[in-house]
Amino acid sequence: MARDYYGILGVSKDASDQEIKRAYRKLARELHPDVNPSEDAQQKFGEVTTAYEVLSDPQKRKVVDLGGDPMDGGAGAGGARGGGDPFGGFGGLGDIMDAFFGAAAGGGRGRGPRSRVQPGSDALIRLRLTLEECATGIDKEIAVDTAVLCDECRGAGMGENGSVATCDTCGGQGEVQSVQRSFLGQVVTARPCPACQGLGETITDPCRKCSGDGRVRARRNVTAKVPAGVGDGMRIRLSGQGEVGPGGGPAGDLYVEVDEEPNEVFERQGNDLHCRLRIPMTSAALGASVPLETLIDGEVDVEIEPGTQPETELVFTGKGMPRLRSSGRVDGRGDLHVHVDVVVPSKVDEEQADLLRQLAKLRGEEAPELAGSSAHRGGLFSKLRAKK
């Protein structure tokens, strides 16, 4: 019974030569003994390479399509596994090298010339922004230095009398081949043609401004629309504003990376803002209303309740940074955290000292106690002596 060579490679009977080759490469990478040493994988690898040898040969494939098996005895089988090719059982050295390293490294079948027109690369530029600009968003004009389309040849790379000619060195193939001897036998390698850089063609009269590249470097201004809520290290993508490709190919993208400057008042932690408010001890005791200029909402009043303690944290919900989603949409805002520092005077004059002593006497605080000393009356250092 004839073997199902199409089924072994996982392709249909009307598959093209390229589809058969792709299927073989994929399976060869998975089943090759150097990658998968199991006996089952080795057996399947042999079947796969045999199937590829049959289906890549027009005559043998014709036998398969007629219902026969070209590998079932006869000259076909002997030729495939005979002594003529030491790698006959594995589909040939060219096919093995082709599967792992591409056509150029195997039997010398190259990829052909590459196109003169190539897509451009992406570009990256850093943009320094203040915290206020990150909070509100801004349209920022920036100068970028990238490759742009040559305005003389419009990307063609030719002068007025220029024309395209087939490369004499590679004959239009875009690559040159060399043969090396190794313990495996002769190995044919291919490399891009040095005369035409792999294009397979040359320009007789290159453009004087771009030297045939179709692009030149120039400085230009672009406007970056910075959305509200961006943060340090985030990138804004400007489509088509990057490097123009060789031969006037489509430009890549420009990425603007945000470099956020530190703020003197606010510290950013994610979408929340933190600041410290220094108030005198009298305001902490009596209470006060302190105006605070925010980044987005203008001036807000921070209400200090009477008896506010040091390190008290006041939270203003929704007064922080905008929450920027990956889609670029703003979804709500973080919070504003105000940390209260109570400032104790380091020096007082005699009049102030008398007033403080009177206050301490009225409040019964002439002899401050250590924390927890009320539970251990009479203990050592249970009370501190107030200064006179």
Side-chain angles (χ1 to χ4, degrees), residues 122-144 221-239 241 253-348 371:
D122 295 337
L124 174 67
I125 188 172
R126 288 177 174 80
L127 179 61
R128 196 164 180 82
L129 297 175
T130 64
L131 185 59
E132 291 85 351
E133 292 171 332
C134 292
T136 59
I138 189 174
D139 289 351
K140 200 83 168 180
E141 189 176 83
I142 53 179
V144 294
N221 292 329
V222 296
T223 299
K225 295 184 177 295
V226 181
V230 297
D232 190 66
M234 289 186 179
R235 291 184 177 182
I236 304 164
R237 175 172 169 265
L238 303 182
S239 179
Q241 294 294 334
D253 298 331
L254 174 65
Y255 289 88
V256 180
E257 185 174 293
V258 175
D259 183 8
E260 184 180 290
E261 295 180 353
N263 188 272
E264 294 182 354
V265 177
F266 299 99
E267 178 185 343
R268 181 176 183 175
Q269 296 181 11
N271 296 313
D272 293 341
L273 292 175
H274 294 256
C275 69
R276 305 199 73 85
L277 180 63
R278 292 166 59 86
I279 61 173
M281 64 178 186
T282 51
S283 297
L286 301 175
S289 180
V290 183
L292 175 64
E293 188 68 31
T294 63
L295 295 176
I296 301 176
D297 304 291
E299 189 177 278
V300 298
D301 290 330
V302 180
E303 299 296 334
I304 304 298
E305 297 294 331
T308 295
Q309 300 299 305
E311 297 302 324
T312 295
E313 183 178 342
L314 305 176
V315 180
F316 292 80
T317 304
K319 298 293 185 182
M321 296 291 291
R323 292 191 180 94
L324 183 63
R325 300 302 183 189
S326 58
S327 62
R329 182 173 60 91
V330 174
D331 185 13
R333 290 170 58 186
D335 301 330
L336 171 61
H337 299 254
V338 180
H339 303 266
V340 179
D341 287 340
V342 178
V343 180
V344 178
S346 57
K347 292 182 179 181
V348 293

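Residues E132 and L295 come closest through the heavy atom pair CG-CD2, 3.5 Å. Across every non-hydrogen atom of A135 and P322, the tightest pair is O-CG, 3.3 Å. When all heavy atoms of A284 and I304 are compared, the pair lying nearest together is CA-CG2, 4.4 Å. Smallest separation of non-hydrogen atoms from R323 and G334: NH2-CA, 3.9 Å. Y255 and D122 get closest at one heavy-atom pair: CE1-OD2, 3.7 Å. Between C134 and L129 the shortest heavy-atom distance is SG-CB, 3.9 Å.
Taking the side chain as every heavy atom from C-beta outward, L127 and I142 approach each other to under 4.5 Å. Side-chain atoms of L314 and E303, non-hydrogen and from C-beta on, never get closer than 4.5 Å to each other. When side chains are defined from C-beta on, D301 counts as touching P291, because their heavy atoms get closer than 4.5 Å. Looking only at side-chain heavy atoms (C-beta outward), V226 and E133 stay at 4.5 Å or farther from each other. Annotation: side chain of D232 is in contact with side chain of D259 (closest heavy-atom distance under 4.5 Å). Using a 4.5 Å heavy-atom threshold, the side chains of R276 and E311 count as touching. Contact check for L324 versus N271: no side-chain heavy atoms found under the 4.5 Å cut-off. Within the 4.5 Å cutoff, no side-chain heavy atoms of L273 are placed close to those of N263.
In this structure, CD in Q241 is found 9.0 Å from CG in D253, a value given to the nearest 0.5 Å. The distance from atom CD1 of I279 to atom OG1 of T308, rounded to the nearest 0.5 Å, is 5.5 Å. To the nearest 0.5 angstrom, L131 atom CG is 10.0 Å from E261 atom CD. Taking CD1 from I236 and CD1 from I125, the interatomic distance works out to 11.5 Å, rounded to the nearest 0.5 Å. Once rounded to the nearest 0.5 Å, the distance linking OG1 of T317 with NE2 of H337 reads 8.0 Å.
Atom CZ of R126 sits in a sparse spot, with 12 or fewer heavy atoms from other residues, nucleotides or ligands closer than 6.0 Å.
Of the possible donor and acceptor atoms, one in the side chain of D335 sits under 3.5 Å from a partner among the backbone N and O of G318. Remark: side-chain polar atoms of T294 are paired, donor with acceptor, to backbone N or O of G298 under 3.5 angstrom.
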Step by step, would you call V290 with S283 a side-chain contact (heavy atoms from CB on, under 4.5 Å)?
-> CA-CA 10 Å; V290 183; S283 297; over 6 Å; no
Let me see the working for R333 and D297 under salt bridge (charged side-chain N to carboxylate O under 4.0 Å, His left out), right down to the final yes or no.
-> CA-CA 12 Å; R333 290 170 58 186; D297 304 291; 2.8 Å; yes
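Looking at E313, R268, E267, H339 one by one, the single match for side-chain hydrogen bond (donor to acceptor under 3.5 Å, both in side chains) with H274 turns out to be H339.
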